[in-house]
Amino acid sequence: MKIAIIGAGNLGLSIAKGILSTNGATSMVLTKRNLSGLKEIEKYGIVTTTTDNREAVAKSDILIFAVQPGQFVKILGEVKDILTDKHVIISTITGFSIARMEEVIGPDHYIIRAMPNTAISVGKSMTCICSNEKGAKRIDLAKAIFNRMGHSMQIPEDQMQAATVICASGIAFWMRLIRATTQGAIQLGFDAKEAQELAMHTCNGAASLLIESDSHPENEIDKVTTPRGCTISGLNEMEHQGLSSSLIRGIVASFDKINEIKKG
Ligand SMILES: NC(=O)C1=CN([C@@H]2O[C@H](COP(=O)(O)OP(=O)(O)OC[C@H]3O[C@@H](n4cnc5c(N)ncnc54)[C@H](OP(=O)(O)O)[C@@H]3O)[C@@H](O)[C@H]2O)C=CC1
Ligand SMILES: O=C(O)[C@@H]1CCC=N1
């Protein structure tokens with residue numbers, strides 16, 4: 001697969017690392033205006049970098065766009081005359097609808113919207129995808145690309161904003177929970193490095209347990225909470241302080257904000 005990543009910033013570079021670590025491409029062209037941050041990745045044989053988006057598009061079949069929303073229309077306009085039927089166009093751009101893409105390049109292209117997160121760099125992204133009518137013929141290819149770097153789910157386009165909050169912003173929410181657990185562990189006497197190790201691997205174990213056993217969180221919680229024990233004391237105090245409520249409110253605030261950004 002010949003892949004171009006247009007806009008190798010935080011997310012674009014994470015995707016590039018994920019593709020490299022899973023041998024997901026035969027060639028990869030990364031673009032940005034200032035190439036100085038791409039020195040390390042250029043050392044990989046299959047990677048080339050350029051400031052020329054047209055060159056990247058001409059050399060590739062799969063085009064992954066990871067620029068800021070305000071930059072996207074201009075870049076699409078710049079390359080639209082060299083888009084052909086070999087190209088699958090994948091946009092990770094928040095709040096930028098398929099209809100707006102079609103307004104610029106027309107509907108006769110394989111268009112996919114994808115919402116990954118930065119764990120794609122280590123092959124562990126939860127990625128939601130949807131497509132335009134023509135892109136439905138390439139959705140299995142898109143799923144295969146993202147399943148190599150984690151787990152994908154096809155959703156209706158009108159759920160992409162919600163998916164952005166839960167999956168893309170969501171990784172930051174989980175990081176904060178891991179950080180808070182680390183701070184608690186330090187207070188209980190572990191040094192900072194040990195504390196983070198305990199928090200990260202416990203978090204990983206909780207998610208793996210649910211994924212691999214197809215179980216419900218409360219079912220697993222019931223197995224841990226000894227009557228009159230320390231777990232239920234901790235959990236109930238967290239709930240008195242509003243743990244679940246604050247997470248839900250944070251998610252809704254994030255969703256309200258993303259809808260505001262889309263309007264404005
Ligand atoms: N960060 C995340 O976790 C996630 C981000 N997203 C979405 O992905 C997109 C990118 O986000 P993020 O990576 O954080 O943003 P960044 O600002 O880190 O990356 C955008 C990149 O685009 C490059 N760029 C700007 N103009 C051009 C151009 N004309 N040609 C080529 N490259 C260009 C910039 O580099 P330079 O200035 O050198 O050109 C920059 O590196 C956004 O739309 C965001 O909403 C979606 C999911 C998760
Ligand atoms: O914070 C943001 O707005 C973007 C979208 C999801 C991740 N980063």
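Computed from a prediction, not measured in an experiment: that's the story for all the values here. Whatever order the structure lists ligands and atoms in, that order sets their numbers, starting from 1.
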Over 12 non-hydrogen atoms of neighbours within 6.0 angstrom of NZ in Lys134: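 Yes, enclosed.
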Atom CZ of Phe173: over 12 foreign heavy atoms under 6.0 Å: yes
Asn34 side chain to Ser36 side chain, donor-acceptor N/O pair below 3.5 angstrom: yes
Donor + acceptor pair across side chains of Gln187, Gln183 (<3.5 Å): no
Sub-4.0 Å heavy-atom approach of Pro116 to ligand 1: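 Yes, that is the case, since the closest heavy atom of the residue is under 4.0 Å from the ligand.
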Any Asn53 heavy atom less than 4.0 Å to ligand 1: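 So Asn53 counts as touching ligand 1.
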To check your reading of the model: name the closest protein heavy atom to [atom], its residue, and the distance in Å.
atom                    : answer
atom 38 (O) of ligand 1 : Asn34 N, 2.9 Å
atom 22 (O) of ligand 1 : Gly7 CA, 3.4 Å
atom 3 (O) of ligand 2  : Ile261 CD1, 5.0 Å
atom 36 (P) of ligand 1 : Arg33 N, 3.5 Å
atom 18 (O) of ligand 1 : Asn10 N, 2.9 Å
atom 28 (C) of ligand 1 : Ile75 CD1, 3.4 Å
atom 1 (O) of ligand 2  : Ser169 OG, 4.7 Å
atom 7 (C) of ligand 1  : Thr92 O, 3.3 Å
atom 25 (C) of ligand 1 : Gln71 NE2, 3.3 Å
atom 11 (O) of ligand 1 : Gln68 NE2, 4.0 Å
atom 4 (C) of ligand 2  : Thr94 OG1, 4.5 Å

Verify same cluster id: Val57, Phe96 (apolar side-chain graph, 4.5 Å):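 Yes; Phe96 is reachable from Val57 via cluster members.
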For [X], counting its heavy atoms only, list the atoms of ligand 1 lying under 4.0 Å from any of them.
X      : result
Ala8   : 41 (O)
Ile93  : 43 (O)
Ala168 : 47 (C), 48 (C)
Pro69  : 43 (O)
Thr31  : 31 (C), 32 (N)
Thr118 : 3 (O)

Test your reading of the model: is there a side-chain donor-acceptor pair from [X] to the backbone of [Y], 3.5 Å cut-off?
X      : Y      : value
Thr231 : Thr225 : no
Asn132 : His109 : yes
Asn147 : Ser152 : yes

[options]: member with heavy atom nearest to [atom]:
atom                    : options              : value
atom 42 (C) of ligand 1 : Val67, Ile15, Thr127 : Val67
atom 41 (O) of ligand 1 : Gly9, Ala119, Gly170 : Gly9
atom 12 (P) of ligand 1 : Ile5, Thr50, Leu11   : Leu11

Proximity of Lys74 to ligand 1 by residue part, where a heavy atom lies under 4.0 Å: neither
Contact check, side chains of Val79 and Ile6, non-hydrogen atoms, under 4.5 Å: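 No, every pair of side-chain atoms sits at 4.5 Å or beyond.
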Sub-4.5 Å side-chain heavy-atom contact between Ile145 and Thr127: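 Side-chain contact under 4.5 Å: no.
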Salt-bridged, [X] to [Y], with N to O below 4.0 Å?
X      : Y      : result
Lys86  : Asp61  : yes
Arg100 : Glu103 : no
Asp81  : Arg54  : yes

Glu78 N/O under 3.5 Å from ligand 1 N/O: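 No, no N or O pair falls under 3.5 Å.
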Any N/O pair Asn117/ligand 1 closer than 3.5 Å: no
Where ligand 2 meets Ala168 - atom numbers and elements under 4.0 angstrom, heavy-atom basis: 6 (C)
Per-atom contacts of ligand 2 with Thr164, taking only distances under 4.0 Å to non-hydrogen atoms: 5 (C), 6 (C)
Ile155 to Met160 - nearest heavy-atom pair and separation: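 Looks like CD1-SD, 3.5 Å.
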Nearest heavy-atom neighbours spanning Ile98 and Cys130: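 Taking every non-hydrogen atom into account, CD1-SG, 4.2 Å.
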Stepwise side chain to side chain contact (heavy atoms under 4.5 Å, CB included) check, Thr202 with Thr181: CA-CA 10 Å; Thr202 306; Thr181 305; over 6 Å; no
